S.K.: 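I'd like to ask you about the structure that follows.
Here the structure is a predicted model, which means the values were calculated and not measured.
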Amino acid sequence: MNLGSILIIDDEKQMRETLKMLLDYSGFTTTTSKSVEEGLRELKENFFDVVVTDFYLPDGSGTDIMKYCREFCPKTRVIVMTGHASVENAVEALRHGAFDYVIKPFEFDLLYHSLQRALEHITMMDEIALAKERYRALIEDMNEGYLIIKDGVIHYANQKMASILNCSVKELIKRPVLDFVDFTYQQELEGKIQNLSKNPGAFFVEEIVLRDCKGNTVPVELRLANTLGEHISNGVILICRDITERDVLWNRLIRAERLATLGEMIASIAHELNNKLTPIVGYAELLSSDLPKDQLERAIESIKNASNGAKRIVNSLLLFSRREKPSKIKCNVNKIIEHSCDLVSTCLSGTKIKIIKKLDLNDPYIMADPHQIEQVITNILKNAIDVLCPSKGQIIIESLSNSENVSIKITDNGPGIPPEIRKKIFDPFFTTKAKRNGTGLGLSICHGIIKEHGGDIHVESEPHKTSFLIKVPKITEKQLSSTNNQTQNVFHLNFAQKPKVLVVDDELEVSQLLLEIFSKNFDAIRASNGLEALKRLSEESVDIIISDLKMPELSGIELYERLLKEFPQYKDRIIFTTGLVSDSETINFFKKYQLPYLKKPFKMKELFSVVNSILEERQAQIA
């Protein structure tokens, strides 16, 4: 059995021959050389596991052998032997890369054990190198991004991480990791990394948003842990999974369930809209005839009230079925409850069911997507109405708040939910409704939405009483101050001369209404589309533009893009009006340019608020 290949370099013939005989007998394959020159030639032609060399040789020294091995034969171990024993020699030998050092004369057992340790060291280093190679291959082939950071700087990244961030691996190395984290999540991630440094062995899983090298947002599930046995000590490992597709599917599922709920209520909604439209049509006909003043005033008031009622229903429908990307903002829970009750109230017509609201007098605020929270409340209210129909009953909806949470409690006096059903009520596809009357996804999606907001939802039930309790974290002082800073006060200005406003709308009735509204305090002119507006602007200057978005010939979006090129002075002096903000083109347009807009139908107070804000800013610039 060959234990390993050994090269002996020594100018003493007897030493070479004796060591060769003993090593061959012990199971090694041994070659000898009498000088540095011969030894280097052997090393160039053959591989040796271990070189045993004298320190002083006629044509050089053992350091020449060690330097060569370190550069060209890194796996070869060098054992130095010498008869000139000194601390300086030993230190020099080890400094030049000697594995061991033996002093002549020596017992053969001493050299034998030194050779064994050298061979074991070679085997161990081979195993480590193989393990590292396997580990690296595993990291490179994994379907998740992998980062190693130290002191906030990226030291290693795999190819998948580079793919997620839309750049090469080289572009990531030595970059601060926060360069690739969306601003709203930077502080949170920094805090988690600091916690890891204080708590070795800790492990965190977070969902955050990264920004790739081109500025695009990438939602990821991020796992953080300390480096253990890595070549970078005191570092942090980040494993990223791109959850873009998962988020898209989840939002589609939420929207599908929302529309399913809307579909169940559509007949009731149509009935209520017809009720609102009947007095509008009837009184409008009466207005065409001669009426006494008191009857005329009552007719106008009835039309106004019915119109506002129809507007509330349509707004609730638009909000409930919107396609905008979910976003968490500061929102009033009481207002969300009011909207939800307005929407489901269409289902109460012809029933003896009452909804009783007991709302917190101190308006409770949360950071949430108001439309998703509204979806949860609407779903639970609709289920309660279905349970109570066709008999009479009542639903009590309450809002409560404490220092940490805002609670929403919805209680009905229906038959109750049996314990065996209560256990499965939030499971996907579980339903007690008749076939085709429910998907079984409603409450499971409600559960997912509340959990996504960091809250909790559970049900309590007994005969003739069922309560759903929703808890969502209350808005923090930090979040509150942040949202307050974003709110700008509107100033009502007194101008020395009338500002000129250009109204751009293809609907004659809408543009005439706006011209009448502005006629008292403004010099108002009209254009019926984008092309006509450009022509008017080439002839005279204006102070502010109010433009519809959807128009023939040249739309509001196209008009703004032409303004940027031809009349850039108006880029911050335009307000858009639109009846719909749910298509992707409109959403992307407003997101890109951050422009003010009003949803039709809008109140005059809302219009003048935005107009005054823009004109106040313009007056400050002129001053």
Side-chain angles (χ1 to χ4, degrees), residues 253-273 312-322 333-359 369-399 408-417 421-422 424-450 457-461 465-470:
L253 188 62
I254 289 175
R255 177 168 168 74
E257 181 59 27
R258 187 184 300 157
L259 294 178
T261 304
L262 206 58
E264 292 174 18
M265 298 190 295
I266 200 71
S268 301
I269 291 167
H271 174 74
E272 285 300 308
L273 273 176
R312 279 196 300 273
I313 294 172
V314 172
N315 279 348
S316 296
L317 287 172
L318 287 172
L319 287 171
F320 196 74
S321 61
R322 95 209 197 291
V333 170
N334 287 351
K335 286 187 178 179
I336 296 174
I337 291 172
E338 293 283 4
H339 287 154
S340 301
C341 291
D342 284 346
L343 189 62
V344 299
S345 64
T346 59
C347 301
L348 300 179
S349 181
T351 72
K352 295 181 179 179
I353 300 169
K354 291 183 179 179
I355 295 179
I356 300 168
K357 290 172 277 190
K358 297 181 179 179
L359 305 182
D369 182 323
H371 309 293
Q372 288 192 355
I373 301 298
E374 183 180 328
Q375 181 175 350
V376 172
I377 297 170
T378 302
N379 191 290
I380 295 171
L381 288 173
K382 180 67 172 58
N383 286 346
I385 292 168
D386 289 345
V387 167
L388 293 172
C389 280
S391 61
K392 65 180 180 179
Q394 70 176 22
I395 302 166
I396 301 172
I397 182 163
E398 305 169 74
S399 64
I408 303 164
K409 189 176 182 181
I410 303 170
T411 305
D412 68 71
N413 61 351
I417 305 170
I421 292 178
R422 224 163 38 235
K424 301 182 283 185
I425 201 164
F426 294 112
D427 291 353
F429 304 107
F430 176 78
T431 180
T432 57
K433 295 181 181 179
K435 196 173 182 181
R436 296 183 182 178
N437 286 345
T439 62
L441 287 172
L443 286 176
S444 69
I445 288 175
C446 291
H447 184 269
I449 288 171
I450 298 302
I457 177 171
H458 71 273
V459 62
E460 298 170 354
S461 188
K465 184 181 180 182
T466 298
S467 296
F468 281 85
L469 184 62
I470 301 163

S.K.: Nearest 0.5 Å, please: how far is OG1 in Thr466 from CZ in Arg422?
M.R.: 8.0 Å
S.K.: For Lys358, enumerate each residue passing the side chain to side chain donor-acceptor pair (under 3.5 Å) test, keeping only those at least two apart in sequence or located in another chain.
M.R.: none
S.K.: Below 4.5 Å, heavy atoms only, C-beta onward: do Lys382 and Asp386 meet side chain to side chain?
M.R.: yes
S.K.: Find the distance between CD1 (Ile337) and CG (Asp342) and round it off to the nearest 0.5 Å.
M.R.: 12.0 Å
S.K.: Among Ile355, Ile397, Asn383, find the one that has a side chain to side chain contact (heavy atoms under 4.5 Å, CB included) with Ile410.
M.R.: Ile397
S.K.: How many angstroms lie between atom CG of Asn379 and atom CD1 of Ile449, to the nearest 0.5 angstrom?
M.R.: 8.5 Å
S.K.: Can a donor-acceptor pair be found, under 3.5 Å and without considering hydrogens, that links the side chain of Asn413 to the backbone of Gln394?
M.R.: yes
S.K.: Give me the one residue out of Ile380, Leu469, Ile408 that meets side chain to side chain contact (heavy atoms under 4.5 Å, CB included) with Ile457.
M.R.: Ile380
S.K.: Atom CD of Glu398 and atom OG1 of Thr411: how far apart are they, to the nearest 0.5 Å?
M.R.: 6.0 Å
S.K.: Hey, does Asp412 have a side-chain heavy atom less than 4.5 Å from the side chain of Leu381?
M.R.: no
S.K.: So do the side chains of Leu388 and Thr351 get within less than 4.5 Å of each other, counting heavy atoms only?
M.R.: no
S.K.: State the CD-SG distance between Gln372 and Cys446, to the nearest 0.5 angstrom.
M.R.: 10.5 Å
S.K.: Measuring from Gln375:CD to Ser340:OG, what's the distance to the nearest 0.5 Å?
M.R.: 10.0 Å
S.K.: Would you please name every residue forming a salt bridge (Lys or Arg N to Asp or Glu O under 4.0 Å) with Lys354, sequence neighbours left out?
M.R.: none
